[in-house]
**Student:** 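Structure provided below as structure tokens; questions to follow.
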Amino acid sequence: MENINQTSTDFLLLGLFPPSRIGLYFFIFNFLIFLMALFANLSMIILILLDTHLHTPMYFLLSQLSLMDLNFISNIVPKTTSDYLSGNKSIFFIGCAVQSFFFIALAGAEGLILASMAYDRYVAICFPLHYPIRMSKRLCVLMITGSWIMGSINSSAHTAYVLNIPYCQSRTINHFFCDLAAMLTLACMDTWVYEYTVFLSITLFLVFPFISIACSYGRILLAICHMWSTEGRKKAYMTCSTHLTVVTFYYAPFVYTYLRPRSFRSPTEDKGLAVFYTILTPMLNPIIYSLRNKEVMGALKRVILRFWSVK
């Protein structure tokens with residue numbers, strides 16, 4: 001029996017898994033994905049830190065992507081797991097606000113980091129001789145710092161709004177985390193003006209970065225077509241296809257979820273799409289980059305050999 005007692009300032013998360021045998025299987029699968037994501041992203045961060053061959057702007061940005069994914073999935077899954085195991089699905093008002101803040105901040109920052117990674121590949125392939133100048137350590141640090149700061153500022157504005165709108169007597173959120181779109185349905189006021197600000201944020205942090213990524217890869221494809229070296233062309237295709245795979249997994253569910261009018265959305269579909277960008281993508285990103293990248297696999301072998309030689 002689920003414990004649904006809550007105070008006037010609590011919210012109730014309906015969760016992701018139904019109370020059945022199938023729900024238990026999904027829960028176990030979800031928890032295994034969480035453990036894989038933790039291990040894969042931590043391994044990627046440590047590997048890039050330990051191997052000097054990976055101390056380049058491309059892998060510096062990749063380590064930040066892994067850090068964001070690590071925080072992203074840790075912000076969602078532990079609470080979902082606790083709710084399912086304890087049966088107590090309530091969450092304090094301030095806890096809901098904190099979860100919303102980190103979700104929005106990390107979502108925006110990751111979108112900007114992916115755009116920065118696309119620019120890095122654009123410079124590396126289209127202007128290889130100018131790469132050390134155009135992608136300096138200073139620019140790389142500015143890209144990363146700017147992504148975190150802009151994501152946090154955007155999130156602060158949205159979270160402040162959520163903290164100050166009046167909620168009706170029902171505080172049941174039909175989701176497995178404190179998603180702003182699901183929370184807005186509980187508001188005791190017309191939120192159409194705020195929904196336009198959400199649309200604006202999605203445009204600034206997802207649509208515009210996606211357009212810049214598409215333009216970067218359009219230029220990259222033209223440059224690849226003019227390459228004389230077959231080996232260089234193959235390496236460029238491999239690197240770009242890896243990044244495009246990550247971009248597709250991240251942007252597609254986000255854009256489809258938040259740019260649709262409310263009348264075309266359903267809670268079940270929203271929760272299914274949210275699984276992609278909150279759980280699956282953080283697990284797939286490091287796997288995609290490691291399995292399809294010879295430099296990462298080579299670095300892994302060197303670190304393992306160094307560890308065993310010291311031992």
Side-chain angles (χ1 to χ4, degrees), residues 29 32-34 36-45 47-48 54 56-73 106-126 143-144 147 202 205-225 227 231-259 272-300:
F29 182 64
L32 290 176
I33 289 176
F34 171 65
M36 289 176 61
L38 288 182
F39 175 77
N41 284 292
L42 277 174
S43 298
M44 185 68 76
I45 294 170
L47 184 63
I48 293 172
L54 301 182
T56 63
M58 173 184 174
Y59 292 105
F60 191 27
L61 292 169
L62 180 56
S63 68
Q64 291 299 306
L65 179 66
S66 291
L67 180 61
M68 289 176 182
D69 282 336
L70 190 64
N71 284 280
F72 212 158
I73 197 167
L106 291 166
E110 186 159 331
L112 296 176
I113 279 290
L114 289 172
S116 299
M117 293 173 72
Y119 176 76
D120 172 78
R121 291 300 84 203
Y122 163 70
V123 175
I125 294 173
C126 297
M143 285 179 168
I144 292 168
S147 298
I202 296 296
F205 285 88
L206 292 178
V207 176
F208 283 170
F210 181 78
I211 292 173
S212 69
I213 291 171
C215 292
S216 296
Y217 279 102
R219 294 289 301 275
I220 288 171
L221 288 174
L222 288 176
I224 291 175
C225 291
M227 284 184 178
E231 184 64 27
R233 189 183 303 169
K234 182 179 178 182
K235 184 178 179 181
Y237 270 126
M238 185 67 70
T239 303
C240 294
S241 61
T242 298
H243 187 68
L244 284 174
T245 302
V246 171
V247 166
T248 302
F249 272 113
Y250 182 75
Y251 280 99
F254 249 124
V255 172
Y256 183 72
T257 298
Y258 291 99
L259 289 188
L273 290 168
V275 169
F276 262 93
Y277 51 78
T278 59
I279 301 174
L280 291 180
T281 301
M283 183 269 292
L284 290 173
N285 283 352
I287 294 175
I288 291 171
Y289 273 108
S290 60
L291 293 180
R292 301 190 63 184
N293 192 310
K294 292 182 180 179
E295 292 180 355
V296 172
M297 298 305 294
L300 180 61

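Numbers here simply count residues along the sequence, with the first being 1.
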**Student:** Walk me through whether L273 and F254 qualify under side-chain contact (heavy atoms from CB on, under 4.5 Å).
**Tutor:** CA-CA 8 Å; L273 290 168; F254 249 124; over 6 Å; no
**Student:** Can you tell me how far CG of L112 sits from CZ of F205, rounded to the nearest 0.5 angstrom?
**Tutor:** 6.0 Å
**Student:** Nearest 0.5 Å, what's the CE-CZ distance between M283 and F34?
**Tutor:** 13.0 Å
**Student:** Using the side-chain contact (heavy atoms from CB on, under 4.5 Å) rule, pick out the option among N71, I73, L70, D69 that qualifies with L106.
**Tutor:** N71
**Student:** Would a 4.5 Å heavy-atom cut-off, applied to side chains only, mark V255 and F210 as touching?
**Tutor:** no
**Student:** Could you check whether atom OH of Y277 has more than 12 heavy atoms from other residues, nucleotides or ligands sitting under 6.0 Å from it?
**Tutor:** yes
**Student:** To the nearest 0.5 angstrom, please state how far the CD1 atom of I279 sits from the CZ atom of F72.
**Tutor:** 10.5 Å
**Student:** Determine whether N285 and E110 make a side-chain contact, defined as any pair of heavy atoms from C-beta on separated by less than 4.5 Å.
**Tutor:** yes
**Student:** I'd like to know whether I144 forms a side-chain contact (heavy atoms from CB on, under 4.5 Å) with F60, so could you lay out the CA-CA distance, the side-chain angles of the two residues, the decisive distance to 0.1 Å, and finally the verdict.
**Tutor:** CA-CA 9 Å; I144 292 168; F60 191 27; 3.7 Å; yes
**Student:** Whether the side chain of Y250 engages the backbone of A107 through a donor-acceptor N/O pair (distance < 3.5 Å, no angle test) should be reported.
**Tutor:** yes
**Student:** Distance check, rounded to the nearest 0.5 Å: I213 atom CD1 versus R121 atom CZ?
**Tutor:** 13.5 Å
**Student:** Any sub-3.5 Å donor-acceptor pair from D120's side-chain atoms to S116's backbone N or O?
**Tutor:** no
**Student:** Does the side chain of V207 come within less than 4.5 Å of L259's, by heavy atoms?
**Tutor:** yes
**Student:** Which pair of non-hydrogen atoms, one from S216 and one from A118, has the smallest distance, and what is that distance?
**Tutor:** CB-O, 4.0 Å
**Student:** Could you report the tightest heavy-atom contact between R219 and C126, atom names first, then the distance?
**Tutor:** O-SG, 3.8 Å
**Student:** Which value, rounded to the nearest 0.5 Å, describes the distance between S63 atom OG and L61 atom CG?
**Tutor:** 7.5 Å
**Student:** Checking side-chain contact (heavy atoms from CB on, under 4.5 Å) for the pair F249/L280: CA distance, chi angles, key distance, verdict?
**Tutor:** CA-CA 9 Å; F249 272 113; L280 291 180; over 6 Å; no
**Student:** Out of curiosity, M36 CE to N41 CG, how far, rounded to the nearest 0.5 Å?
**Tutor:** 11.0 Å
**Student:** So, does T281 use its side chain to make a donor-acceptor pair with the main chain of F276 at under 3.5 Å?
**Tutor:** yes
**Student:** Give me the atom names and distance for the closest heavy-atom approach of A115 to S212.
**Tutor:** CB-OG, 3.9 Å
**Student:** Stepwise, does the side-chain contact (heavy atoms from CB on, under 4.5 Å) test hold for L206 with Y258?
**Tutor:** CA-CA 10 Å; L206 292 178; Y258 291 99; 5.8 Å; no
